[in-house]
There are 2 protein chains.
Amino acid sequence: MIPPPAPRAGRAGSGAAAGAPAGVPPGGAPSSIRDVATAAGVSVATVSRALRGLDRVSADTRRRVLAAAEALDYVASPTAASLATGRTSVVGVVLPFLDRWFFSTVVSEVEDVLRRSGYQVLLLNVGDRSLERPMVLDQRLLAKRIDGVLVLSVDLDAEETGVLDRLGLPVVTVGSALPGHDRVGIDDGAAVETAAQHLLALGHRRIAHVGGDSGTDVRRATAVDRALGVRRAMAAADVALPGQLDVVADWTVTGGWRAAEALLARRDPPTAVLAASDEMAIGALCAARALGWDVPRHLSVVGVDDHEMAVTHDLTTVAQPVRSQGRLAAEMLLGRLRGHVPAGAREVLLSTSLVVRASTAPPRREVRPRRRVVLGRQVLAAVGGDVEHARGQEERGAPTNR
Amino acid sequence: MIPPPAPRAGRAGSGAAAGAPAGVPPGGAPSSIRDVATAAGVSVATVSRALRGLDRVSADTRRRVLAAAEALDYVASPTAASLATGRTSVVGVVLPFLDRWFFSTVVSEVEDVLRRSGYQVLLLNVGDRSLERPMVLDQRLLAKRIDGVLVLSVDLDAEETGVLDRLGLPVVTVGSALPGHDRVGIDDGAAVETAAQHLLALGHRRIAHVGGDSGTDVRRATAVDRALGVRRAMAAADVALPGQLDVVADWTVTGGWRAAEALLARRDPPTAVLAASDEMAIGALCAARALGWDVPRHLSVVGVDDHEMAVTHDLTTVAQPVRSQGRLAAEMLLGRLRGHVPAGAREVLLSTSLVVRASTAPPRREVRPRRRVVLGRQVLAAVGGDVEHARGQEERGAPTNR
DNA sequence: TTGTAAGCGTTATCAA
DNA sequence: TTGATAACGCTTACAA
């Protein structure tokens with residue numbers, strides 16, 4: 001025990017912390033709670049209480065402390081506070097991409113809500129599954145570093161879920177469901193069903209489906225749910241969805257573009273394309289245009305999301321409340337962090353709505369040559385040729401009027 | 001599995017930290033460096049050294065320590081480490097929006113680079129200046145919390161700059177310049193000049209300019225530089241840029257849309273629109289389409305950025321290397337953080353390049369009725385009517401072949 | 001090569 | 001209402 005020697009003489013001794021902060025105009029060296037205590041003529045404990053607005057501090061003392069803190073330009077070290085309390089005021093946000101509209105929008109909203117409540121956001125980009133998955137959800141990177149977790153639309157594997165559970169922190173998900181944790185999302189199946197019903201109502205019977213990849217992608221649940229929705233709607237309408245028209249892409253514009261390219265190049269192309277996301281739908285739109293097809297004259301296209309760029313393509317889509325989901329998820333997490341929440345995982349599904357723009361219209365021709373009414377006549381080839389012809393004709397200009 | 005009873009018996013004393021981590025399947029209670037030391041039969045100092053790969057540790061000892069740590073599922077508390085070292089392994093990223101393509105893309109890249117080097121990203125969304133600016137750059141929120149700062153395209157005011165300087169941390173900016181700090185960006189003026197020259201080379205003489213708002217927006221410098229670039233190019237070509245054709249929008253699709261709407265509604269509309277960003281250019285494209293104008297037949301549109309959606313609109317633009325800027329900025333910051341950097345602020349300007357797509361073409365008609373060669377004939381009205389007519393005609397179908 | 005112990009800056013317990 | 005003081009968990013001189 002050698003406490004008495006020097007009050008706090010040689011401070012620069014230990015940590016590299018005491019380097020020599022270059023620009024420190026007003027204050028000088030970053031002052032600690034001790035300096036404030038000395039200046040105010042009280043103990044550090046009192047300073048701590050006064051500064052945090054706890055009671056058991058006389059009005060006069062508090063005033064003095066505040067003045068001293070102000071004068072010294074004192075700011076408490078969040079690190080030290082964290083070490084002492086175990087709380088960090090930081091929320092980790094787990095997501096697969098940051099540069100995709102949905103995610104950046106949700107995070108933007110989340111950040112806003114959390115910031116207003118004094119929390120900061122730590123990005124935990126786990127990337128796409130198709131790539132080597134960096135171990136972002138590593139115990140050692142998160143333990144003691146965050147107070148809560150927000151999982152955005154990423155399906156975690158057993159290992160990652162384990163890490164999360166082991167952390168023992170409140171978790172709220174957006175999109176993907178995580179057993180035992182709060183969740184906010186939309187009914188993906190219903191959303192896509194709406195889109196399909198729209199096409200069916202317009203009279204389309206030869207509909208192609210560009211689903212989201214559920215294999216390597218992180219958004220497996222979303223992909224699966226949306227695919228199921230399409231099948232459900234088609235089945236309900238008693239319209240077949242032939243395997244050749246039921247393809248999968250990687251959720252991107254390029255992916256949708258390529259998928260549609262293949263679809264439209266068929267001898268028996270669809271009259272409509274239902275994409276599981278607007279980005280893919282926009283890709284399909286581009287593919288059609290590149291091939292000289294007019295949308296919606298030759299092809300109807302519908303997507304899901306109401307991406308901010310959907311309107312620029314006059315894309316008909318099923319809108320989901322993106323910002324609201326982020327906001328709600330953040331608020332639910334805040335509730336957990338503050339402790340005043342019922343207990344028991346809650347799930348909130350926000351509703352979606354069809355936004356009809358100009359990318360959909362009734363099918364132009366009776367393009368249901370051999371499907372369904374397959375009563376003996378095997379005219380596949382002939383019809384295929386016919387379609388090709390018609391398209392070629394229109395492609396090179398002079399489309400019929402009206 | 002309930003490992004060894006409780007090597008950490010009466011520790012739960014102080015902080016609220018020791019709540020009672022709900023789900024802790026494998027490890028039990030979070031073990032500390034002490035447990036590892038005990039288990040390995042060495043001192044905590046040795047454990048610290050061994051675990052951090054420092055030398056002065058015998059191979060054998062290191063092995064034992066690693067084994068013990070592994071067995072105990074030990075993970076060092078970053079908080080405690082920060083308190084001791086003064087470093088946090090966290091970088092703050094200051095930005096105005098997170099839900100705009102440029103920013104989310106840059107952040108995505110930044111996060112990737114930093115994560116691979118063991119740094120985490122803390123979002124510091126300062127929002128748009130036009131709104132009440134939250135004090136995100138508050139001393140007390142940042143002090144001791146981050147090791148470095150990345151400022152993305154936001155012009156800070158004196159107060160904010162002060163906070164940053166007072167922090168005494170390495171700072172690197174993307175876009176906006178901050179005196180005394182490293183910077184990576186593009187030559188905004190040159191980029192726009194390229195776009196303008198492209199239009200001029202095509203023969204356009206009546207060019208409208210939709211600049212970015214430099215008033216309330218955070219990206220003032222970018223707005224100003226780009227506007228200057230346009231003026232420079234026009235002046236060099238000795239082509240006038242009448243005030244009525246030189247407008248400003250808020251960088252968004254909607255903003256560009258509205259601006260173009262007004263421009264095209266004029267009796268003497270431009271033959272081309274040069275927007276300071278692709279988002280605004282896309283908006284202009286939409287405005288034209290909504291009015292029944294064909295691009296590039298009736299109007300050429302060029303933007304700047306090469307937004308990911310530019311290709312879906314076949315937009316001619318001047319591409320800037322967005323990801324590279326993020327990557328480079330992050331790397332420069334890492335260099336500073338590691339200390340091995342020359343000293344003295346560095347500036348790196350990446351080059352931009354014209355990407356010609358299908359939104360630009362030579363002006364269709366001699367649309368320079370009264371501008372420049374104003375030799376007596378005041379045919380404004382007539383020409384205006386002519387244009388209206390031609391447009392209306394083409395609008396309703398039957399475009400000429402080829 | 002390893003151990004001892006003094007910080008790092010707060011918070012929180014327990015007396016006073 | 002205050003003040004000592006023991007944690008918090010780790011790093012790092014300095015000794016051994």
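Given the structure is predicted, the values throughout are model-derived calculations rather than measurements. Chain A is the first sequence line, chain B the second, and so forth, proteins listed ahead of strands; every chain is numbered from 1.
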Which one, [options], comes nearest to the side chain of [X]?
X       : options                : result
B:Ala76 : C:dT1, D:dC10, C:dT10  : D:dC10
B:Ser77 : C:dT1, D:dC10, D:dG3   : D:dC10
B:Thr85 : C:dT11, D:dT12, D:dG9  : D:dT12
B:Ala45 : D:dG3, D:dT12, C:dT10  : D:dT12
B:Arg49 : C:dT1, C:dT4, D:dG3    : C:dT4
B:Ser32 : C:dA12, D:dC14, D:dC10 : D:dC10

Distance check: side-chain N/O of [X] vs OP1/OP2 of [N], anything under 4.0 Å?
X       : N      : value
A:Arg52 : C:dT11 : yes
B:Arg87 : D:dT12 : yes
B:Ser58 : C:dT1  : no

In whole Å, what is the span from the [atom1] atom of [X] to the [atom2] atom of [N]?
X        : N      : atom1 : atom2 : value
B:Arg64  : C:dG3  : CZ    : C1'   : 13 Å
B:Leu83  : D:dC10 : CG    : C1'   : 8 Å
B:Arg56  : D:dT12 : CZ    : P     : 14 Å
A:Arg34  : C:dA6  : CZ    : C1'   : 12 Å
B:Leu51  : D:dT12 : CG    : P     : 14 Å
B:Arg145 : C:dG9  : CZ    : P     : 16 Å
B:Leu72  : D:dC10 : CG    : P     : 12 Å
B:Asp55  : C:dT2  : CG    : C1'   : 13 Å

- Task: Identify the heavy atoms of B:Gly41 and B:Arg64 that sit nearest to each other, and give their distance.
- Result: O-NH2, 4.1 Å
- Task: Could you tell me whether the side chains of A:Thr79 and A:Ser82 share a donor-acceptor contact shorter than 3.5 Å?
- Result: no
- Strictly by modelled atom types, are A:Ser176 and A:Thr173 linked by a side-chain donor-acceptor pair under 3.5 Å? no
- Query: Starting at the 5' end of DNA chain C and moving along, which residue's nearest nucleotide shows up first, B:Val42 or B:Ala80?
  - Reply: B:Val42
- Give A:Thr61 one of three labels, base, sugar-phosphate or nothing, depending on what nucleic acid heavy atoms sit under 4.0 Å from its own.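 Sugar-phosphate contact only.
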- Task: Using a heavy-atom cut-off of under 4.0 Å over every strand shown, decide if B:Ser48 touches base, sugar-phosphate, or nothing.
- Result: base
- Would you say the side chain of B:Leu95 lies within less than 4.5 Å of the side chain of B:Val107, judging by non-hydrogen atoms?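 Yes, side chains in contact.
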- Between the side chain of B:Ser117 and the main-chain N/O of B:Tyr119, is any donor-acceptor distance below 3.5 Å? no
- Query: Hey, what do you get for CG (B:Leu54) to CZ (B:Arg56), rounding to the nearest 0.5 Å?
  - Reply: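 That separation rounds to 10.0 Å.
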- Assign each of B:Leu54 and A:Ser43 to its nearest nucleotide of DNA chain D by heavy atoms, then name whichever residue's nucleotide is nearer the 5' end.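 The residue mapped nearer the 5' terminus is A:Ser43.
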